[in-house]
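Right, one structure below, let's go through it.
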Amino acid sequence: MTVSPDVTEPETARIAADLHRLLPAWLARQRWFGGKDWAAPEVEPVLVETVCADGPRLLLVVVRTEHDEWYQLLVGERDAVPAGLTGAVIGPSGGALLYEATGDPELMGRLLDRIAAGGTAGAVEFHRLPGADIPAGLPAAVLTAEQSNTSVAFGGRMMLKVLRHVVPGPNAEVEMLAALRRAGDVPSAAPLGWMRTSPSAPGGGITLAVLQEFVPNRGDGWAIAVEEARACVVGECESVAPLGGFAEEAHALGRATARVHAALAEQLETRELDPAQVDRLVAALTRRLEAAVDQVPALLPFARQLRAVHQDLGEVAKRGNAPLLVQRVHGDLHLGQTLRAEDGWVVIDFEGEPGQPEAERRRLQPALRDIASMLRSFDYAAHHALADVLGVPPGEQSPQNLHGTRLARRASAWAVHNRGAFCAGYTAAGGTDPRSQPVLLRAFEADKAVYEAVYEAHNRPAWLSIPMAAVRRLAGRHRPAG
Ligand SMILES: Nc1ncnc2c1ncn2[C@@H]1O[C@H](COP(=O)(O)OP(=O)(O)O)[C@@H](O)[C@H]1O
Ligand SMILES: O=P(O)(O)O[C@H]1O[C@H](CO)[C@@H](O[C@H]2O[C@H](CO)[C@@H](O)[C@H](O)[C@H]2O)[C@H](O)[C@H]1O
């Protein structure tokens, strides 16, 4: 393997060679690295660029795996790593230590200054959106939330999302956040800038990080929903409201989602699908199912019925009174993608499903796809709360346990109630009532559950039973659309 010809500076070339040796073992331990099945994946650094050299060095590194997946790292170099960063050490190089730098406030502060100033460092470009306020000197702190990328907050004012699994092409999130801002009065964070590789760099222009406004909040939708669901599962919410107070929040989430969809439709492209395009949509769902079955054999017994569910979608979409509309959508909407700000819900993370090619993330889709995805999340929250109360992971719960069954009924009632409240909110804010399109909704929910089965099989096998229960339910009650 060869190190990128872009590495010309001797110090950077030495670090690139050391990273080539050190990274396989280190990457295999990172949550955001997709090749978890390998003890020491083969990775080739395709870009190693020093982006800050005045003080401890900061390098931008892009590696390519043997499966042609590309990942980004920010690497610091110091004689001794700052306190609290010993776990970030990648290894020794030239008498100093290389370490993952997102947890280093000094280096992150300097990176922010580079974005604020604009310009380039070798093959790396820094962009500040016109008019964006990017104050210097704010304390940087890496977020510890479980996420696909790594986010660094600056003094509760800004947040830099360092993308991990990077793909060539313009970044959907920058484009979508800018569109939502233009629409005005939409619950989303303002974009401030971004960092990318130049079009002539390996990969031909990759977005590396997105800087946006930090939204002060009292938690994300997932944490709040699970807590509420838990209270209902143990029977604590019955005296106040039979299924708990979250329904009001679920209604507000539905309203926020409708506003996001309306703004995306107004600011970016939207169009009607003709019958041939509907057929292509159905074919794409079925291809995704088949690829999923290859990875998760437990899906195989449901494949025939799920294909029929896709066919139903096609028939209903072609013979409906109105053509099926498609537009830019969020792409991976779930409770964890929402923040409860003081005055309501804010939707975040407009990157689409992690791992999808950029063209796929930008493809116009029925808005119902996002709704189906969020409805799945209520189901997840209920199952998670139940697992928490029973002290047994979702995959190990026994249906014979009567106590468990009673609690499971409450969990399921909570999910149904809040799914309904979300749909009602979506409709109240001007969106088409999702419940008026049950065949389409079922197909998209089934598609999301299949995606989740693959996600869980790779990331959290103990949770696989959650999407599998949905697959069973959605495939099982299949009746030909009539
Ligand atoms: N604009 C923001 N303001 C405040 N916190 C945010 C913002 N965007 C994201 N976060 C926090 O960072 C976490 C991860 O962000 P997210 O965009 O979902 O990353 P990922 O794509 O890696 O999943 C969120 O769960 C949230 O807690
Ligand atoms: O937030 P990400 O962009 O990293 O999305 C991925 O990870 C999510 C889990 O963190 C995953 O979401 C699934 O689990 C959630 C609970 O943890 C649940 O609320 C979602 O409904 C469920 O899909 C998401 O699918 C994946 O793309």
Side-chain angles (χ1 to χ4, degrees), residues 32 51-52 55-56 58 60 72-74 76 82 84-85 88 100-121 124-164 166 170-196 206-221 260 330 336-351:
W32 44 262
V51 290
C52 297
L58 176 65
L60 182 287
Q72 172 192 197
L73 293 99
L74 288 168
L85 280 184
E100 213 288 322
T102 48
D104 183 334
E106 182 190 342
L107 288 184
M108 290 305 100
R110 279 166 49 209
L111 186 64
L112 181 70
D113 294 344
R114 293 229 57 158
I115 297 175
T120 59
V124 180
E125 298 177 357
F126 302 95
H127 296 267
R128 173 195 193 133
L129 270 167
D133 178 24
I134 307 183
L138 294 173
V142 67
L143 301 190
T144 50
E146 283 252 310
Q147 58 176 124
S148 311
N149 302 293
T150 302
S151 297
V152 182
F154 292 92
R157 290 276 305 274
M158 294 170 288
M159 221 202 58
L160 180 69
K161 176 149 79 172
V162 177
L163 304 175
R164 293 307 195 171
V166 290
N171 179 264
E173 184 156 37
V174 174
E175 188 188 4
M176 307 267 271
L177 289 180
L180 294 173
R181 265 305 105 162
R182 283 197 304 278
D185 194 30
V186 179
S188 61
L192 302 169
W194 70 98
M195 218 171 103
R196 61 170 221 163
I206 296 170
T207 306
L208 300 166
V210 179
L211 183 69
Q212 56 186 267
E213 167 198 18
F214 186 91
V215 178
N217 62 84
R218 52 177 140 105
D220 66 28
V260 166
H330 181 282
Q337 311 285 39
T338 62
L339 298 174
R340 183 62 167 88
E342 210 36 65
D343 54 352
W345 291 97
V346 172
V347 180
I348 57 167
D349 197 2
F350 285 82
E351 259 187 287

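This structure is a prediction, so every number in the text was calculated from the model and none was measured.
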Checklist outcome for this item: The single option from Val347, Asp349, Val215 that satisfies side-chain contact (heavy atoms from CB on, under 4.5 Å) with Leu339 is Val215
Next on the checklist: Assess the residue pair Arg157 and Asp133 against the criterion (side chain to side chain contact (heavy atoms under 4.5 Å, CB included)); give the C-alpha distance rounded to whole Å, side-chain angles, the decisive distance to 0.1 Å, and a yes or no.
Outcome noted: CA-CA 10 Å; Arg157 290 276 305 274; Asp133 178 24; 3.1 Å; yes
Next on the checklist: On a heavy-atom basis, which atom in Arg110 and which in Pro56 lie closest, and how many Å separate them?
Outcome noted: NH2-O, 3.0 Å
Next on the checklist: Just checking Arg182: does its CZ atom have more than 12 heavy atoms from other residues, nucleotides or ligands closer to it than 6.0 angstrom?
Outcome noted: yes
Item to check | Donor-acceptor under 3.5 Å (Glu173 side chain, Phe350 main chain) | outcome: yes
Checklist entry - Hey, what do you get for CZ (Arg128) to CG (Leu112), rounding to the nearest 0.5 Å? => result 9.0 Å
Item to check | Check against side chain to side chain contact (heavy atoms under 4.5 Å, CB included), Trp194 and Leu129 | outcome: CA-CA 8 Å; Trp194 70 98; Leu129 270 167; 3.8 Å; yes
Checklist outcome for this item: To the nearest 0.5 Å, atom CG of Leu111 lies from atom CZ of Phe154 at 7.0 Å
Checklist entry - If you round to the nearest 0.5 Å, how far is CG of Leu60 from CZ of Arg114? => result 11.0 Å
Next on the checklist: In the structure I gave you, are the side-chain heavy atoms of Asn149 and Glu351 within less than 4.5 Å of one another anywhere?
Outcome noted: yes
Checklist entry - Roughly how far apart are Glu213 CD and Ile134 CD1, rounded to 0.5 Å? => result 12.5 Å
Item to check | Lys/Arg-Asp/Glu bridge criterion (N-O < 4.0 Å) met for Arg164, Glu100 | outcome: yes
Next on the checklist: Assess the residue pair Leu74 and Leu107 against the criterion (side chain to side chain contact (heavy atoms under 4.5 Å, CB included)); give the C-alpha distance rounded to whole Å, side-chain angles, the decisive distance to 0.1 Å, and a yes or no.
Outcome noted: CA-CA 10 Å; Leu74 288 168; Leu107 288 184; over 6 Å; no
Item to check | Closest contact, heavy atoms only, Ser151 versus Met159 | outcome: OG-CE, 3.6 Å
Item to check | Straight-line distance of Leu211 CG to Phe126 CZ, nearest 0.5 Å | outcome: 12.0 Å
Checklist entry - Taking side chain as C-beta onward, heavy atoms only, is Ser188 less than 4.5 Å from Gln212? => result no
Item to check | side chain to side chain contact (heavy atoms under 4.5 Å, CB included) between Ile206 and Gln72, worked out | outcome: CA-CA 10 Å; Ile206 296 170; Gln72 172 192 197; over 6 Å; no
Checklist outcome for this item: Heavy atoms of Met108 and Ala101 approach each other most closely as CE-O, 3.3 Å
Checklist entry - Between atom CG of Asp104 and atom CG of Leu58, what is the distance when rounded to the nearest 0.5 Å? => result 8.5 Å
Checklist entry - Closest approach of Phe214 and Gly156, non-hydrogen atoms and distance? => result CD2-O, 3.6 Å
Item to check | Leu138 to Gly155 - nearest heavy-atom pair and separation | outcome: CB-N, 4.1 Å
Item to check | Non-hydrogen atoms of Val346 and Ala341 that approach each other most closely | outcome: CG2-CB, 4.0 Å
